[in-house]
Structures are given as structure tokens and as C-alpha cells.
Amino acid sequence: MYKKFQVFNSIGQYLCHVLVFCFGVAAQAEMVLKLSEIHGKGYPTELADEEFARLVNLYTKGEIKVDVFPGGQISGDERVVIEQVKIGAIAIARVSSGALGSFNPQLNVFALPYLFDSNDHMWAFLNGAAGQKMLADLAPSGFVGLCWYDGGARSFYANYPLNSIADLKGKKFRVQANQLMIKMVEAMGASAVAIAAGQVFSAIQTGVIDGAENNAPSLISFNHYQVAKYYMLDEHLRLPEVLFMSKIVWDKLSKDQQAAIRKAAAESVDFQRKKWDAYEIEALNKIKAEGEIVVEVKDKTPSRMR
């Protein structure tokens with residue numbers, strides 16, 4: 001009888017160990033984080049999001065999976081997604097620094113026209129101590145800045161001929177919901193209309209606005225070249241993109257997981273920049289082929305507001 005008891009006891013202990021092991025595995029099950037992207041699949045920032053997601057999964061050894069939702073599937077416009085990230089409803093997002101400036105005023109510096117003379121000038125700043133500090137200083141606003149992405153130079157486009165900044169006078173142009181950008185367009189003589197990027201096509205088509213401002217890839221991504229046939233390459237703004245995370249979600253991660261996410265973000269930057277450079281040329285060639293009238297403003301001195 002005693003031997004039978006020992007056998008049953010051993011079996012019981014074995015089963016307990018099996019249950020503990022199983023629950024332990026369950027406790028370490030894959031964590032899924034949602035990443036919101038306003039642009040569609042194949043856009044340079046969306047491709048970088050996917051690369052970032054791949055690297056996060058690699059460096060966390062499968063503990064964390066990042067699901068990328070392109071085309072504004074889970075958020076709509078950038079302002080909405082930023083609000084969702086702030087409260088932890090969405091874990092990660094990629095947005096323009098112009099949109100994020102409404103939540104963290106320091107980023108409004110990028111909305112100053114002709115702040116950077118070139119792309120190299122901008123990246124020298126972003127990769128330097130000041131640029132990295134700006135990412136770190138997102139924390140008080142409820143965000144964790146992961147890295148900068150390239151957003152190219154923004155120029156004006158419209159449904160009527162554009163040859164200089166003077167041609168904006170008296171017209172209505174869409175801008176992001178950023179007070180400094182609104183004041184910039186008003187200082188150039190136009191009326192600023194703050195609406196979501198997804199509403200620009202119909203707004204130009206119906207005459208609610210006369211034009212907008214953005215980079216060439218966005219004209220392709222949102223099909224704006226179909227309703228605004230004039231694109232003036234004045235390059236008045238260089239707004240870097242920001243990949244950032246909810247601090248609420250971030251604080252729930254282990255130190256090793258946080259380090260892995262930072263490493264993945266840092267390594268995705270070069271990938272994004274190469275994709276951006278190639279796509280920017282491709283986009284400009286495409287809109288020209290589609291009949292877009294592109295005017296390059298070579299002397300930007302008269303437009304500089306310094």
C-alpha cells in the first residue's frame with residue numbers, strides 16, 4: 001500500500017511540474033503591439049515599419065510581435081492616432097513631426113519655413129545631440145521617441161498655376177493642424193485650412209481648398225496629383241517623421257525588451273532613408289509622366305522668412 005502511495009505521489013508531483021511548465025510558457029506568450037501608419041503598403045515609412053517589426057521580433061526572440069496597420073486602418077488621421085497612443089490604446093505609431101507638434105510644442109521648430117538648407121543639414125541635426133534630446137523629451141507628453149524617419153521636403157501644389165510664393169495670395173491651402181504651420185501659410189498671403197490628409201483629395205476636387213503642401217511621394221500615395229496639376233518645388237519645409245510609442249505601454253516592458261525595441265528602431269532608420277531616396281525620385285518622375293506641371297524654384301532667398 002505504501003509503495004502504491006509513493007507511485008501516486010510521484011505521478012502527482014510530475015503532473016504538477018507539467019502544469020507549472022505549461023502555465024510558465026503561457027505567461028511568456030507572445031505580446032502583440034499594434035503600429036498605426038497613415039500611408040498605404042509599399043510607402044517608404046510603411047516598409048520601414050515592417051522592417052522595425054521584423055527586427056523587434058528578432059531581438060526579443062519572439063516575445064514581442066508588432067502588427068503594422070497601414071492606410072490609417074485603426075486610427076484615421078494623425079491627430080486621432082496620437083491621442084490613441086497617448087492613452088495606450090495603440091502602442092506605436094509613425095506620424096509627421098508637424099502633427100506631433102500639437103502635443104509636444106518643441107517639435108514646432110520644424111514648422112519654421114526654410115529651417116534646413118538641405119536634407120544633409122536636417123540629418124546632421126537629427127543625428128546630433130539636440131535631435132536625440134528632442135526624442136527623449138517626448139516623455140513628459142506621454143510618448144517614447146524611438147527614431148526619426150525621412151519625410152523629404154514639402155512643397156505647394158494646386159489646381160491652378162504656381163510659379164512663386166506670391167501665387168499663394170488670396171487662395172486656400174490645406175495644412176496640418178499645427179498653429180505654426182497655419183501662421184506660416186497665412187504669412188505667405190494664403191488662407192490656411194486644417195483638415196485631415198485623407199480629406200484633401202475631395203476638398204480640392206470640390207473647390208473647398210485650392211491646394212495643399214506635401215512631398216512628392218504623398219502626392220502619389222493620396223492621388224492628389226489627379227486633382228492638383230501644378231506642383232511648385234519651393235521646399236519650404238522639411239518635416240521629419242517620428243516613430244514613437246505609448247509611454248503607458250513602454251513602462252510595462254522589461255528593460256531587455258525596451259533595449260531590443262530601441263535597437264530595432266535605430267537599425268530601421270538607414271533602411272527607411274534608402275527606401276525614401278529611391279521612392280522620392282520615382283514619385284516625382286511619375287507625377288511628371290501623369291501630366292503634372294512641376295516648377296522648380298531655384299532661388300528661395302525671396303521666400304525665406306528669417
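Counting from 1, the numbers follow the sequence of the chain as shown. Here the structure is a predicted model, which is why all the values come from computation and not from measurement.
- In this structure, CZ on Arg154 lies 14.0 Å from CG on Leu233, to the nearest 0.5 angstrom.
- At a cut-off of 3.5 Å, with distance as the only test, a side-chain donor of Tyr59 or Glu267 sits close to an acceptor on the other residue.
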Worked verdict on Lys286 versus Tyr225 for side-chain contact (heavy atoms from CB on, under 4.5 Å): CA-CA 10 Å; Lys286 181 175 180 178; Tyr225 69 94; 4.2 Å; yes
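- Each of Asn285, Asp277, Leu284 was compared with Ile281 under the side chain to side chain contact (heavy atoms under 4.5 Å, CB included) criterion, and only Asn285 meets it.
- Remark: Glu186 does not engage Lys183 in a salt bridge, criterion side-chain N to carboxylate O under 4.0 Å.
- Panel note: side chain Gln257, backbone Ser254; a donor-acceptor pair is recorded below 3.5 Å.
- With rounding to the nearest 0.5 angstrom, the NZ atom of Lys34 is 12.0 Å from the NZ atom of Lys65.
- A distance of 9.0 Å separates CG of Asn178 from CE of Met184, quoted to the nearest 0.5 Å.
- Using cut-offs of 30° and 60° on the angle between ring planes, the pair Phe201 and His224 is tilted.
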Steps toward side chain to side chain donor-acceptor pair (under 3.5 Å) verdict (Asn104, Gln106): CA-CA 6 Å; Asn104 190 278; Gln106 65 168 342; 3.0 Å; yes
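- Between the side chain of Asn215 and the backbone N or O of Gly151, at least one donor-acceptor pair lies under 3.5 Å.
- In this structure, Arg273 forms a cation-pi arrangement with Trp123, its terminal cationic atom sitting closer than 6.0 Å to the ring centre and no more than 45° off the ring axis.
- Side-chain contact annotation: His39 with Ser221, donor-acceptor N/O pair under 3.5 Å present.
- No side-chain donor from either of Glu213 and Ser155 sits under 3.5 Å from a side-chain acceptor of the other.
- Here the shortest heavy-atom pairing between Ala93 and Val81 reads CB-CG2, 3.9 Å.
- Residues Leu33 and Asp67 form no side-chain contact, since every pair of their non-hydrogen atoms from C-beta on lies 4.5 Å or further apart.
- By the 30° and 60° cut-offs, the orientation of the rings of Phe103 relative to Phe143 is perpendicular.
- Between the side chains of Trp148 and Asn127, not a single donor N or O lies within less than 3.5 Å of an accepting N or O.
- Counting heavy atoms from C-beta on, the side chains of Ile293 and Tyr231 never come closer than 4.5 Å.
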Worked verdict on Val249 versus Ile90 for side-chain contact (heavy atoms from CB on, under 4.5 Å): CA-CA 9 Å; Val249 177; Ile90 294 175; over 6 Å; no
Trace of the side-chain contact (heavy atoms from CB on, under 4.5 Å) decision for Val109 with Met134: CA-CA 11 Å; Val109 67; Met134 289 181 78; 3.8 Å; yes
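- One N or O on the side chain of Gln258 and one on the backbone of Trp250 form a donor-acceptor pair closer than 3.5 Å.
- Taken to the nearest 0.5 Å, the CD atom of Glu37 stands 11.0 Å off from the CD1 atom of Ile74.
- Taking the charged nitrogens against the carboxylate oxygens, Glu50 and Lys41 do have a contact shorter than 4.0 Å, which makes a salt bridge.
- In this structure, Tyr279 and Tyr43 have perpendicular ring planes: the angle between them is above 60°, well past the 30° mark.
- Taken from NZ in Lys133 to CG in Leu138, the straight-line distance is 11.0 Å, to the nearest 0.5 Å.
- Ion pairing between Lys169 and Asp167 fails under the 4.0 Å rule for side-chain N and carboxylate O.
- Here the OG atom belonging to Ser268 is positioned 6.0 Å from the CG atom belonging to Leu243, to the nearest 0.5 angstrom.
- Listed for the Thr60 side chain is a donor-acceptor partner under 3.5 Å among the backbone atoms of Val56.
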Audit row: Leu146, Met245, side-chain contact (heavy atoms from CB on, under 4.5 Å) steps and yes/no: CA-CA 7 Å; Leu146 298 176; Met245 189 167 178; 4.2 Å; yes
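- Using a 4.5 Å heavy-atom threshold, the side chains of Ile92 and Phe244 count as separate.
- Taking the charged nitrogens against the carboxylate oxygens, Lys247 and Asp251 do have a contact shorter than 4.0 Å, which makes a salt bridge.
- Ring to ring, Phe156 and Phe173 are close: their centroids are under 6.0 angstrom apart.
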